[in-house]
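The block underneath contains the structure these notes are about, expressed in structure tokens.
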There are 2 protein chains.
Amino acid sequence: MSNSKLYKGSLTTIILKLLNEHDKMYGYEITQKVKELTKGELKITEGALYPALHKLEAEGLLDVEVAKVDNRLRKYYKLTETGTKETVNKLEELAEYIKTMQALVNPKLA
Amino acid sequence: MSNSKLYKGSLTTIILKLLNEHDKMYGYEITQKVKELTKGELKITEGALYPALHKLEAEGLLDVEVAKVDNRLRKYYKLTETGTKETVNKLEELAEYIKTMQALVNPKLA
DNA sequence: AATATATACATAATTTTCTTATGTATAAGA
DNA sequence: TCTTATACATAAGAAAATTATGTATATATT
């Protein structure tokens with residue numbers, strides 16, 4: 001995912017946020033979009049992505065819809081209602097995380 | 001550590017930064033300082049902290065010095081020269097992480 | 001005096017999340 | 001023809017945390 005360990009735990013937030021913006025996406029598309037948005041800084045590996053998608057689906061945050069494009073399989077994921085609510089929570093947690101870390105790292109500004 | 005999974009992977013950064021500011025600290029003191037600086041938002045658990053300190057020591061980033069205060073044991077940790085350099089790296093990684101996540105979560109501002 | 005809480009360390013079992021490696025299959029480009 | 005891109009998947013192992021214990025002393029509460 002990256003040389004930095006800080007990304008551990010943020011994959012779910014990333015997936016949910018992208019699906020919140022793009023309505024429906026398939027796995028490979030997510031990896032490409034992340035690479036594009038971060039200018040190559042962050043690469044989502046398949047070994048992390050697919051299990052994460054399956055888990056989110058199992059938890060009822062994502063719905064899946066299979067399609068065949070150019071004779072190749074695609075699994076389109078989209079947020080459920082619960083998933084949309086959870087996206088809001090995850091984004092709040094991210095904002096809170098950043099605030100907390102800044103308080104630790106830059107206590108003068110707190 | 002917190003209800004949010006985002007803190008996973010940031011403990012080392014937190015420890016190094018606190019030691020960079022406070023010269024020498026012991027484990028329990030670190031847990032209290034974090035609680036104080038984050039107004040209770042973040043609680044470092046012992047099961048995470050002590051193994052992390054031992055690892056940083058083993059890697060040569062921290063030096064340890066045992067003291068007895070009020071008939072109780074304290075292990076004071078301080079940054080080695082290597083540890084000071086690594087602190088700079090970790091803080092750069094944190095800044096980069098925040099930048100990257102903001103690009104993902106708020107692409108309009110990127 | 002007894003009990004609970006705070007201080008101070010530690011480790012073991014388990015869980016979560018990720019990396020790395022591997023596997024299948026089709027399409028497109030060199 | 002061979003490599004790269006597209007598109008999915010899982011298994012083995014590593015890393016970092018949680019949760020549960022354990023030891024021990026000091027202080028505060030009942």
Side-chain angles (χ1 to χ4, degrees), chain A residues 1-16 24-36 40 42-59 61-62 64-77 90 93-94 97 100-101, chain B residues 1-16 24-36 40 42-59 61-62 64-77 90 93-94 97 100-101:
Chain A
M1 203 162 168
S2 155
N3 60 315
S4 161
K5 285 162 195 166
L6 294 166
Y7 291 94
K8 246 182 211 300
S10 47
L11 181 54
T12 295
T13 305
I14 293 170
I15 292 171
L16 293 179
K24 70 172 186 176
M25 296 180 88
Y26 55 100
Y28 186 77
E29 189 184 9
I30 291 174
T31 66
Q32 299 308 302
K33 181 57 83 179
V34 168
K35 219 197 293 180
E36 176 203 325
L42 189 55
K43 281 165 193 154
I44 307 295
T45 59
E46 299 152 298
L49 178 66
Y50 292 114
L53 287 172
H54 301 161
K55 191 174 174 236
L56 289 171
E57 191 197 345
E59 288 168 349
L61 304 190
L62 299 185
V64 69
E65 181 200 322
V66 180
K68 201 152 196 180
V69 179
D70 289 331
N71 204 37
R72 268 200 239 90
L73 193 75
R74 278 185 191 174
K75 288 196 171 176
Y76 280 99
Y77 290 92
K90 290 290 181 192
E93 280 180 4
L94 178 60
Y97 168 81
T100 299
M101 287 303 284
Chain B
M1 200 164 172
S2 154
N3 60 315
S4 162
K5 286 163 194 166
L6 294 167
Y7 292 94
K8 258 176 206 293
S10 46
L11 181 55
T12 296
T13 305
I14 292 169
I15 293 171
L16 293 179
K24 71 173 185 176
M25 297 181 88
Y26 56 99
Y28 186 77
E29 189 185 8
I30 291 175
T31 67
Q32 299 307 301
K33 181 56 81 179
V34 168
K35 218 198 290 182
E36 176 203 326
L42 188 56
K43 281 163 192 156
I44 306 295
T45 58
E46 299 152 298
L49 178 68
Y50 292 114
L53 287 172
H54 300 161
K55 192 177 176 231
L56 289 171
E57 191 197 344
E59 289 169 347
L61 305 189
L62 300 185
V64 70
E65 180 200 323
V66 179
K68 202 154 196 178
V69 179
D70 288 334
N71 204 36
R72 269 201 238 89
L73 193 74
R74 279 185 190 174
K75 288 196 172 175
Y76 281 99
Y77 291 92
K90 290 289 183 195
E93 279 180 6
L94 178 61
Y97 168 81
T100 299
M101 288 303 283

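A, B, ... follow the sequence lines: proteins, then strands. Residue 1 opens every chain.
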When you get a sec, tell me which of dA8(C), dC8(D), dT19(D) is the closest nucleotide to the side chain of Lys75(A)? dC8(D)
Atom CE of Met25(B) and atom C1' of dT7(C): how far apart are they, to the nearest Å? 15 Å
I'd like to know if Glu29(A) and Lys33(A) make a salt bridge, using a cut-off of under 4.0 Å between side-chain N and carboxylate O. no
When you compare the side chains of Thr100(A) and Tyr7(B), does any donor N or O come within less than 3.5 Å of an acceptor on the partner? yes
Between atom CZ in Arg74(A) and atom P in dA9(D), what is the gap in whole Å? 14 Å
Taking the minimum atom-to-atom distance to the side chain of Lys55(A), which one of dT10(D), dT17(C), dA16(D) wins? dT17(C)
How many whole angstroms separate atom CG of Asp70(B) from atom P of dA24(D)? 19 Å
Check whether any side-chain heavy atom of Met1(B) sits under 4.5 Å from a side-chain heavy atom of Ile14(B), and report yes or no. yes
Do Lys68(B) and Arg74(B) have side-chain heavy atoms sitting under 4.5 Å apart? no
Toward the 5' end of DNA chain D, which comes first, Tyr77(A) or Gly47(B), by nearest nucleotide? Tyr77(A)
Might you point out which heavy atoms bring Leu11(A) and Ala48(A) nearest each other, and give the distance in Å? CD2-O, 3.6 Å
Please classify the nucleic acid contact of Gly27(B) as base, sugar-phosphate, or nothing, using heavy-atom distances under 4.0 Å. sugar-phosphate
Under 4.0 angstrom between Asn71(A) side-chain N/O and dA27(C) OP1 or OP2: yes
Choosing from dA15(D), dA7(D), dC9(C), which nucleotide comes nearest the side chain of Lys5(A)? dA15(D)
Measure from the side-chain heavy atoms of Met1(B) and tell me the nearest of dT20(C), dA10(C), dT18(D). dT18(D)
Spacing of Leu53(A) atom CG relative to dA9(D) atom C1', expressed in whole Å: 12 Å
For dC9(C), take OP1 and OP2 only and decide whether either is under 4.0 Å from a side-chain N or O of His54(B). no
On the nucleotide dA10(C), are OP1 or OP2 found under 4.0 Å from the side-chain N or O atoms that Tyr50(B) carries? no
Which part of the nucleic acid does Arg72(B) contact within heavy-atom distance under 4.0 Å: base, sugar-phosphate only, or nothing? base
What's the closest nucleotide to the Tyr28(B) side chain, out of dC8(D), dT7(C), dT19(C)? dT7(C)
Over how many whole Å does the gap from Leu6(B) atom CG to dT16(C) atom P extend? 17 Å
Euclidean distance, atom CG of residue Leu49(A) to atom C1' of dT20(C) [Å, nearest integer]: 16 Å
Atom CG of Leu56(A) to atom P of dC18(C): distance rounded to whole Å? 10 Å
Would Lys75(A) and Tyr26(A) count as a cation-pi pair here, with the cationic atom under 6.0 angstrom from the ring centre and within 45° of the axis? no
Which is true for Glu46(A) with a 4.0 Å heavy-atom rule: it touches a base, it touches only sugar-phosphate, or it touches nothing? base
Winner on side-chain proximity to Lys8(B), out of dA17(D), dT10(D), dC18(C), is dA17(D)
Out of dT19(C), dA7(D), dC9(C), whichever nucleotide has its closest atom nearest the side chain of Leu73(B): dC9(C)
5'-most contact on DNA chain C (nearest-nucleotide basis), Ser2(A) vs Pro51(B), goes to Pro51(B)
Would you please confirm or rule out a distance under 4.0 Å between OP1 or OP2 of dA8(C) and any side-chain N or O of Tyr26(B)? yes
When the distance from CD of Glu29(A) to C1' of dA5(D) is rounded to whole Å, what number comes out? 15 Å
